Protein chains: 2
Amino acid sequence: MRNLLEIQKQLLPDLMETLKRRYTILHQIMLSDIIGRRTLAASMDMTERVLRAETDLLKSQGLIEIESVGMRISDAGRRLLDLLEPIAKSLFGLDDLEEKIRTTYNLSKVIVVPGDCETSPFTKRELGRAGARALLGALKGSDTVAVTGGTTLAEVADQLTPPLSLSYKNAWFVPARGGLGESMEIQANTIASTMAKRIGANYRLLHVPDLLSEDAYQSLAMDANIGEIVQIIRKSRIIVHGIGDAMEMTRRRRLDEATIADIQGEGAVAESFGYYFNEEGQVVHTMLTMGLRLEDIIRTEVVIGIAGGKRKAKAIHAMLRFGQEDILVIDESAAVEIGKEIDMQLQQVL
Amino acid sequence: MRNLLEIQKQLLPDLMETLKRRYTILHQIMLSDIIGRRTLAASMDMTERVLRAETDLLKSQGLIEIESVGMRISDAGRRLLDLLEPIAKSLFGLDDLEEKIRTTYNLSKVIVVPGDCETSPFTKRELGRAGARALLGALKGSDTVAVTGGTTLAEVADQLTPPLSLSYKNAWFVPARGGLGESMEIQANTIASTMAKRIGANYRLLHVPDLLSEDAYQSLAMDANIGEIVQIIRKSRIIVHGIGDAMEMTRRRRLDEATIADIQGEGAVAESFGYYFNEEGQVVHTMLTMGLRLEDIIRTEVVIGIAGGKRKAKAIHAMLRFGQEDILVIDESAAVEIGKEIDMQLQQVL
DNA sequence: TGTTCGTGGTCTTAAAATGTCCCGGGTTAA
DNA sequence: TTAACCCGGGACATTTTAAGACCACGAACA
């Protein structure tokens, strides 16, 4: 595959450029559901006229449909994009990055989506799509999947679409842990139920308030209903989790000053599943809530970590050092940063 | 390998052409050992200047060497040609096939779409698109177009989109013949009206039941309204028709056993416009219904035949022998079969 | 030694690509 | 229901690129 492109590059030196451009346009249209020419031109940093030339071509090839409300991707275009995905990776040089990270941390799969989540909402969406695909790739008919909260996971849930053939009637979605003080849409409970509904699976919720006192924790642990769902959670075969910057999470969860200082003092840089990790990937702080424990995570078959953005690179790196990830889905900006850190490590070794 | 090329054809239709051109030039230079610009330009039917642009590029890519005695291929160029050989086959494969069929049966145009209708619905769609394009290419502002029924023609109707500039306000679509006992969506009447609506043209329908008795036929022929529309049909400048396998059509039309045996006995392999043709392209059976007659077809300016699938190759071939087609739109699998038959004929002649 | 055929340069012209604006129509938010 | 907004498509001036036409000069060859 790669081969043919290399061959063609010799006869068509500008092939790659054109291919990239058209792919990006088509891709952007796909992500936008429906979008107008001017808006798209602005977001892609092209003048209106040249974009128009391209979209006219895409239309004549039947890859997009142009209506009075804007342009949308056609079925054929969608198929083409799917086929093009791996090629695009090598076009944008992301496959090298994927491989580097994969081998360094011994993961089974690394997926890097082009772009930067922090600057482009489309990249976030794309990250969600990639995460959703990764999940479906790992999901068998009767698995239990534990999911965490967060905006990224919410995006994954939104982008989850079932393949036509398989049925997930016997699959279960559960939140990985109890409430951790975030808004409704990005609660693990909400996300678990959304995902389950979207692919026709089942879900169980864990209704535990956040910021439990020790006493409350103990009494809830005795509750039969809660105990049952916690058992289900702890036996999940798949975990899908976001990765957060430690300090940002403390703020988002409105922890009290003392706790924040505490966590910061211990050098926490990353947060996931309610645990805080330092740069070396060691757990330095635990939030008291019910659900998955560290030992469960360690024995879980498939751990899928999803995150994006340059600011999260350090946190993602910490989770990689923690060493429990199997599949990592990140964006290009984070991947580039991680790639740099890997290079620095190698230099230190030499 | 094949795959990527097909993808590129969709996204980079313009580049594929230049790829072909450059390949041919390089190939020619290789065959010529050493050759001058003017000589080469003449042999390739290009002006000197455009050839020069190409050879300059080939030189800058290090694929040829230019000396004062002329141009010769470089080692890198030779290697590239070797690598490109199998790709070139598929790049040109269809073109060669088109040309072979075109010249053998003296058609004005042959279009072969890649793939196989029988295995891929996308190919069927592509066949429809190609058929629609062929029709629009032949259609002038105030033509009358007669269309037959069938799933392929229905696909053509679906894929018909008007070019932005032209108006077909004065064009007419009519069914080629009366009802021939098929389901609503693939009736000639339905297709004629769909096509007309899609490009803003007019249509007239021919409401004649199928399986007419001789008496009924005679009395309908007297009807003024029917007579009028029949007159319009018979004066069509363009005919767009599908081509069917004879036996399959008898089944689809639920003919009675006696008739089927009759048709089979006469060696019918193809069906179109309600006529059945044997392998030599001779009419062996006629369905009694109103509309286009054979003599009309013969004098029609543009006859566009559209069909696809390996199983229909024999039928298509019979229609080619019938000798009234001007434009043929088929899929690759049928084209390959027809190509084989042409080769066999040639061998018999030798 | 003159002729022929080659490349490479240049100038003009034709054509294509591009930047920019505007219009009428449809959608959406108020 | 209305007004604002954004859409696609048309138009057009302008820039950029491709193409055509010639010519100069050098190497090979007869």
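This is a predicted model, so every value here is computed, not measured. All chains are named by letter (A, B, ...) in the order of the sequence lines, taking the proteins before the strands, and each is independently numbered beginning at 1.
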**Study point:** Span of DNA chain C in contact with chain A (heavy atoms, under 4.0 Å)
**Key:** C:dT18 to C:dT27
Review point. Which of residues 65-72 of chain A have a heavy atom under 4.0 Å from DNA chain C?
Key: A:Ser68, A:Val69
Exercise for review: Go through residues 18-53 of chain A and report each residue with a non-hydrogen atom lying under 4.0 Å from DNA chain C, sorted by number.
Suggested key: A:Arg38, A:Thr47, A:Glu48, A:Arg49, A:Val50
**Study point:** Residues B:Asp14 and A:Arg22 bridged, charged N to O under 4.0 Å
**Key:** yes
Practice item. Starting from the first five and the last five pairs of the helix from C:dT1-D:dA30 to C:dA30-D:dT1, work out the angle between the resulting helix axes, to 10 degrees. Key: 30°
Review point. Ion pair present between A:Lys20 and A:Glu17, side-chain N to carboxylate O less than 4.0 angstrom?
Key: no
**Study point:** Residue list, ring-ring contact (aromatic ring centres under 6.0 Å, His included) with A:Tyr23, at least two apart or on another chain
**Key:** A:His27
Review point. Under 4.0 Å between a Lys/Arg side-chain N and an Asp/Glu carboxylate O for A:Arg129 and A:Glu126?
Key: yes
Point to revise | Exercise: do A:Glu155 and A:Gln159 side chains pair donor with acceptor under 3.5 Å | key: yes
**Study point:** salt_bridge(A:Glu85, A:Arg133) N-O dist < 4.0 Å
**Key:** yes
Review point. When you check the gap from the basic side-chain N to the acidic O, do A:Lys310 and A:Glu118 get nearer than 4.0 Å?
Key: no
Review point. Are side-chain N/O atoms of A:Thr151 and A:Lys124 paired as donor and acceptor at under 3.5 Å?
Key: yes
Review point. Is the side chain of A:Arg72 donor-acceptor paired with the backbone N or O of A:Glu65 at a distance under 3.5 Å, no angle test?
Key: no
Review point. Who pairs with B:Val156 by side chain to side chain contact (heavy atoms under 4.5 Å, CB included), at least two apart in sequence or on another chain?
Key: B:Ala132, B:Met195, B:Ile306
